A.B. asks: 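Would you mind keeping the following structure in view while I ask a few things?
Just so it is clear, the structure is predicted and the values come from calculations on it, not from any experiment. Below, chains carry the letters A, B, ... as their sequence lines are ordered, and counting in each starts from 1.
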There are 2 protein chains.
Amino acid sequence: MALYTATSLKSELNDRGWRLTPQRETILQVFQNLPKAKHLSAEELYHLLQGEGENISLSTIYRTLKLMARMGILRELELAEGHKHYELNQPYPHHHHHLICVRCNKTIEFKNDSILKTGTKTAQKEGYHLLDCQLTIHAVCPACQRALLPI
Amino acid sequence: MALYTATSLKSELNDRGWRLTPQRETILQVFQNLPKAKHLSAEELYHLLQGEGENISLSTIYRTLKLMARMGILRELELAEGHKHYELNQPYPHHHHHLICVRCNKTIEFKNDSILKTGTKTAQKEGYHLLDCQLTIHAVCPACQRALLPI
DNA sequence: AATTGATTGTGTATCATTCTCATTAGAGAG
DNA sequence: CTCTCTAATGAGAATGATACACAATCAATT
Ligand SMILES: [Mn+2]
Ligand SMILES: [Mn+2]
Ligand SMILES: [Zn+2]
Ligand SMILES: [Zn+2]
């Protein structure tokens with residue numbers, strides 16, 4: 001839940017006996033430059049990088065996304081499309097949550113400061129080290145309500 | 001987010017032109033009789049039913065779980081094991097959330113009334129019809145913190 | 001009881017993610 | 001700067017969860 005630079009990423013990796021690689025640095029940069037409310041799947045990130053001439057293998061993409069999520073650098077989102085999405089795990093002023101239509105998958109971000117407080121307090125009370133805290137609301141959007149039935 | 005009986009399930013299905021089948025009724029019952037804090041994956045439900053002599057195909061299990069989640073009868077949980085888990089979607093006094101250790105997957109349930117209020121209000125403000133609202137906290141449990149490194 | 005189309009079961013297909021392993025290359029030591 | 005150690009990468013194969021196709025069945029409505 002902190003802001004990362006290549007340098008701070010490197011020291012955090014090295015502290016654990018791991019290494020900063022060009023691939024990891026590049027992937028972090030992509031997420032840092034991502035427009036607001038944009039989420040990337042592994043496949044999407046892979047193609048985005050291909051488009052920029054960066055040839056990072058899909059295996060490495062998957063490994064890096066998982067690693068960074070477990071370090072608390074990225075958050076892993078289950079946005080109802082059958083595969084995970086990732087975004088930067090940002091602290092307080094930018095921390096937000098997701099409202100998802102289960103029919104059309106339209107997703108809205110919203111903020112609520114008390115939720116992060118609840119998450120922090122709960123983790124602390126149980127002695128857990130907090131990585132991420134996300135409220136996910138599953139619902140049916142207005143358009144899909146009007147479109148009747150289809151599940 | 002309501003309490004279901006075979007009868008109310010039937011009428012809600014029929015209202016949409018769908019049918020109450022023995023399989024659907026059985027699956028609902030399983031969830032209604034599940035011990036507190038117990039979550040089931042499709043595969044687990046399948047084997048549980050097999051053990052009770054109920055032969056419901058895995059396809060039907062998957063279809064029914066998805067259907068009931070989209071009806072708001074069950075909630076679909078992403079508990080970090082690589083596959084979905086389901087539990088009854090219960091209203092206020094029993095509504096709860098999950099604190100998950102990303103390393104050992106240990107999961108703790110906790111309650112917090114204000115979260116459901118936030119979810120309800122947010123959905124309402126956007127004109128969404130609320131199905132489920134869950135706070136998921138990803139963290140590292142005390143035991144895994146002591147066990148150093150391993151991601 | 002007859003009709004209709006939703007639902008089921010079986011087998012197969014798909015797709016996201018992980019694994020294997022030979023090769024490459026960070027990081028720290030000297 | 002060079003050497004050593006071992007973490008990380010890339011390519012492809014393997015895995016596993018879930019969806020799909022379709023013929024047979026059966027729940028609801030008349
Ligand atoms: Mn977001
Ligand atoms: Mn639960
Ligand atoms: Zn929608
Ligand atoms: Zn743990």
A.B. asks: Would you compute the distance between atom CG of A/L58 and atom CD of A/Q50 and round it to the nearest 0.5 angstrom?
C.D. replies: 9.5 Å

A.B. asks: Would you classify A/Q23 as touching base, sugar-phosphate or nothing, given that sugar-phosphate means primed atoms plus P, OP1 and OP2, and contacts are heavy atoms under 4.0 Å?
C.D. replies: sugar-phosphate

A.B. asks: Do A/E126 and B/L99 touch side chain to side chain, with heavy atoms closer than 4.5 Å?
C.D. replies: yes

A.B. asks: Determine: side-chain N/O of B/K10 to OP1/OP2 of D/dA28, distance under 4.0 Å, yes or no.
C.D. replies: yes

A.B. asks: If I take atom CG from residue A/L135 and atom SG from residue B/C133, how far apart are they, to the nearest 0.5 angstrom?
C.D. replies: 4.5 Å

A.B. asks: Here's a test of your reading of the structure: between B/R63 and A/A42, which maps to the more 5' nucleotide of DNA chain C?
C.D. replies: B/R63

A.B. asks: Reading DNA chain C from 5' to 3', where do the contacts with chain A start and stop? Cut-off is 4.0 Å to heavy atoms.
C.D. replies: C/dA16 to C/dA27

A.B. asks: For a quick check under 3.5 Å, do B/Q32 and B/Y4 share a side-chain donor-acceptor pair by atom type?
C.D. replies: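 Not at all, the side chains of B/Q32 and B/Y4 share no donor-acceptor pair under 3.5 Å.
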
A.B. asks: Tell me which of B/P22 and B/K84 sits closer to the 5' end of DNA chain D, going by the nucleotide each one is nearest to.
C.D. replies: B/K84

A.B. asks: Measure up the B/H95 and B/H97 rings against each other and bin them: parallel (under 30°), tilted (30 to 60°), perpendicular (over 60°).
C.D. replies: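 It falls in the perpendicular class, over 60°.
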
A.B. asks: Nearest-Å distance, CH2 (A/W18) to C1' (D/dT6)?
C.D. replies: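 Going from A/W18 (CH2) to D/dT6 (C1'), I get 14 Å.
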
A.B. asks: Parallel, tilted or perpendicular, judged at 30° and 60°: which one describes the rings of A/H39 and A/H98?
C.D. replies: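 Because their plane-to-plane angle is over 60°, the rings of A/H39 and A/H98 count as perpendicular.
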
A.B. asks: Between P on D/dT18 and CD on B/E78, what's the gap in Å once rounded to a whole number?
C.D. replies: 8 Å

A.B. asks: Rounded to whole angstrom units, what separation is found between the CG atom of B/L13 and the C1' atom of D/dC26?
C.D. replies: 15 Å

A.B. asks: Separation of A/Q50 atom CD from D/dA11 atom C1', in whole Å?
C.D. replies: 13 Å

